[in-house]
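In what follows, chains are A, B, ... by sequence order, proteins preceding strands, each numbered from 1.
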Number of protein chains: 2
Amino acid sequence: MKLKEFAKKVGLSPTTVSRALSGYPEVSETTRARVAEAAMRLGYSPNVNAVRLKTGRAGAIGVVMGRAGEFHFAEFMAGMAERLVAEETDILVIPMADPNHEDEMQLYRRLVESRRVDAIIVHSPKPNDERIALLHELGMPFLVHGRSAIDVPHAWLDIDNEAAIKRATSHLIDLGHRRIAMINGRPGATYALHRDSGYRMALQSHGIEPDAQLIANGNFTDELGFRFARSFLEQPNPPTAFVAGSMMTALGVYRAVRSLGMQIGRDVSVIAHDDVFPYLTADNMVPSLSATRSSMRAAGTRCADLVLQLLSGRSPLEIHELWPVELILRESTGPARPSSP
Amino acid sequence: MKLKEFAKKVGLSPTTVSRALSGYPEVSETTRARVAEAAMRLGYSPNVNAVRLKTGRAGAIGVVMGRAGEFHFAEFMAGMAERLVAEETDILVIPMADPNHEDEMQLYRRLVESRRVDAIIVHSPKPNDERIALLHELGMPFLVHGRSAIDVPHAWLDIDNEAAIKRATSHLIDLGHRRIAMINGRPGATYALHRDSGYRMALQSHGIEPDAQLIANGNFTDELGFRFARSFLEQPNPPTAFVAGSMMTALGVYRAVRSLGMQIGRDVSVIAHDDVFPYLTADNMVPSLSATRSSMRAAGTRCADLVLQLLSGRSPLEIHELWPVELILRESTGPARPSSP
DNA sequence: GCAAATAGCCAAACCGTTTTCAATTTTAGA
DNA sequence: TCTAAAATTGAAAACGGTTTGGCTATTTGC
């Protein structure tokens, strides 16, 4: 049903009906109630496309999805959804063809120009991320999930990866570990750099020299967790502890350790980063996994919230949130055993 | 830049420009090329909201996301994205507030009325799924990922869960197993019923009576996999094999088996369903996991494809795809050991 | 009691396209 | 060369709302 038609049924002008439904103050409370009731009863709702054309708002927040099919992604979106469900805002998932840089920038440019979204959430930024520069230049509201060192004003929410990993590493050192391996995410993203930095800071503040032989980067898969852990453990001077980038990585590490006949928490300690997934919990692993923990879902919820604030006029400069990360100690960490000489 | 403005720069009428860009045949090849070039050079692209209002197309396919934050979801969407990236079609993720039935139907109704999507993909249908009836009634194009027995014409794509599980179960029986546990998904969805049916068919055709004590339903989480497997194994007459609903469930089962000092593939056999995730592969588990396998990503790609066909006029009645499921045998399955009497 | 202010409502313009219908130019046929 | 048919192009009318500015009633202030 169209506005005109509906307005006629209610016995009012389209103008008044439109205002009544949008909650403008110039319409009396009685009329508003009457209109609202009639809309509900007759099932009238404005054509979104007309509204969007007229108002220039798209009613959607864009999220660019890479090809990798990250398992974090669904959880983050579920969090966003939690916040947006009450709002009249959807999540628009934009597929990214190739992780090719040129194409990616083109994608963002077109996305902005197409006006399909009111705001964009940028994931896994790099220290000098051109997407941020571009979006700023194009005047598109956006929020960065993660951090960038780029000199362009932007809103962001990040977890304190550096502090988290520093603390995790320090804890391992306090337990007596000296050879601590680090399985990080893909190089380039700020979060990976921060984690690396936290790792190195912890080592160096205890006078331990980082060993390139114990540091690896790659996707968060169980397979890489296994391969890296296995190759580290087979070195002449193997690590006695691991810092792993994700739950999947941790699964791989567990397997590698076991496959060599060693025991997690006794022969080898493991701390991983846990984004809190309902389907795979650190607490239920055997032995239970010590983890740096921060809810990806909560981040999604908050990011959606912040984007809405951004859209209602709050300055990006005011929106900077750094979330602390918990360190939960469980059974996968234990004192270093005196190495056999 | 607006069409009018752009048309002026090119020295043509808005009409012709619009036609040139949309590929209508009435415009000469030379002009089309000229317009296309100018559009690229000047960065003109039509305002989507205007186009949508005028054409009535939304340019998006809707996917309703439950609160559960399924890990399958991201993979399916990544698959869709693979197909849609070349198309001018986005994925609209609609958050679902409560899994409350009333609300869910209301959500679908509103989604249709809002005209934000051209088509909807319905996941995990039930045998008599009211969403299907509703969408059909409202005349919204939709595709069901999974199957429903409802007597309403609809397009669907499903994997052959029944045959897959029947085959997996039969294989276990052939290996000599008689006590085979089944950890299925949440009850209600057709896929769970089909799996249950496949399981029972296999048992019964070998003269084995299904034992309710060995059948469980629940979310696909490692925790439930562990809990169910553990409780089954602690029964007086424990199972010697498991059919598990997902990779996460399998992780839990593995843990449970190990925690009781038994060995997967020797003391207990396991077959799980593998949706093929890049971050957790059956092949890399230890021992490697025998699995019924079907790529969730490929399903997403194909579903997107079929939806596009649906939108370009193909009848839903013609669109019925039942995908066979592979059974990959690895190390987690082995002959039943003679039980100690 | 009267002017001014305030509510409450409406007509019409506009958002930026697509598309119908008509006009114009080209091409083909005789 | 002229005419009918075909190929191009344009003007203007939608699409379905929101919003500006104006117009009546009704209050309010003095």
Let me know the distance between [atom1] of [X] and [atom2] of [N], rounded to the nearest Å.
X      : N       : atom1 : atom2 : answer
Y24(A) : dT20(D) : OH    : P     : 7 Å
K4(B)  : dT18(C) : NZ    : P     : 15 Å
M1(B)  : dC15(C) : CE    : C1'   : 18 Å
E5(B)  : dC15(C) : CD    : C1'   : 15 Å
K54(A) : dG17(D) : NZ    : C1'   : 8 Å
E26(A) : dG22(D) : CD    : P     : 15 Å
R32(A) : dG8(C)  : CZ    : C1'   : 12 Å
N47(A) : dA14(D) : CG    : P     : 17 Å

Given [options], identify the nucleotide with an atom nearest to the side chain of [X].
X      : options                   : result
S13(A) : dA11(C), dT18(C), dG16(D) : dA11(C)
K2(B)  : dC15(C), dC15(D), dT18(C) : dC15(C)
A50(A) : dT19(C), dC15(C), dG16(D) : dG16(D)

Given the structure, check if the side chain of [X] and the base of [N] hold any donor-acceptor pair shorter than 3.5 Å.
X      : N       : answer
S28(B) : dA7(D)  : no
T15(B) : dA11(D) : yes
R19(B) : dT20(C) : yes

I want to confirm an ordering. Mapping R34(B) and P14(A) to their closest nucleotides on DNA chain D, which one lands closer to the 5' end?
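Its nearest nucleotide lies further toward 5', so the answer is R34(B).
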Quiz item: Reckon Y44(A) touches a base, only the sugar-phosphate, or nothing at all at heavy-atom distances under 4.0 Å?
Solution: sugar-phosphate
Looking at [Y] and [X], is any side-chain nitrogen of the basic one under 4.0 Å from a carboxylate oxygen of the acidic one?
X      : Y       : answer
R83(B) : D305(B) : yes
D90(B) : R57(B)  : no
E29(A) : R32(A)  : yes

Does [N] have OP1 or OP2 sitting under 4.0 Å from an N or O in the side chain of [X]?
X      : N       : result
T16(B) : dG10(D) : yes
T31(B) : dT9(D)  : yes
S18(A) : dG17(D) : no

M77(B) versus I91(B): any side-chain heavy-atom pair under 4.5 Å? yes
#### Entry: Close side-chain approach of S294(B) to D275(B), heavy-atom, < 4.5 Å
no
Assert: residue with more 5' nearest nucleotide on DNA chain C, out of L12(A) and L3(B), is L12(A)
